[in-house]
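Remarks on the structure that follows.
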Amino acid sequence: MITMKRDQLMIEQYRRIRRAQSDQVEVEMEGYVLIIEGSDLVMQAMTKDEILLQGSLRCVRVAADAQ
């Protein structure tokens, strides 16, 4: 599940983080990859089940899992 509020994105039940940069974050989910683009992206909190991402969000895309 994904919840978006202004400059925050809560991602639940993720598998792993593929890429984490200040302008792009890729998160592997069950069956797809979530691609978040923006600026000043920072993981404010992270547990084994949830990620709280904060920053200036520009685009959230879903891509097929290539594995």
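The number of heavy atoms from other shown groups lying within 6.0 Å of CE (Met43) is above 12.
The nearest pair of heavy atoms linking Gln24 to Leu41 is N-CD1, 3.9 Å. What you find for Val33 and Ala64 is that their closest heavy atoms are CG2-O, 4.4 Å. Met29 and Arg15 make their closest contact through O-CD, 3.8 Å (heavy atoms, listed as atom of the first residue, atom of the second, distance). In terms of heavy atoms, Tyr14 sits closest to Thr47 at OH-O, 2.7 Å. The nearest pair of heavy atoms linking Leu57 to Met4 is CD1-CE, 3.6 Å.
To the nearest 0.5 Å, the span separating OG on Ser56 from CG on Asp40 amounts to 7.0 Å. Atom CD of Gln13 and atom NZ of Lys48 lie 11.0 Å apart (nearest 0.5 Å). Taking CD of Gln44 as the reference point, atom CD1 of Ile51 lies at 13.0 Å (rounded to 0.5 Å). Between the CE atom of Met10 and the CD1 atom of Ile2 there is a distance of 12.0 Å, given to the nearest 0.5 Å.
Using a 4.5 Å heavy-atom cutoff, the side chains of Met46 and Leu52 are not in contact. Looking at heavy atoms from C-beta onward, Ile36 lies in side-chain contact with Ile11 at the 4.5 angstrom threshold.
Just one residue in the list Leu9, Leu34, Leu53 forms a side-chain contact (heavy atoms from CB on, under 4.5 Å) with Val25, and that residue is Leu53.
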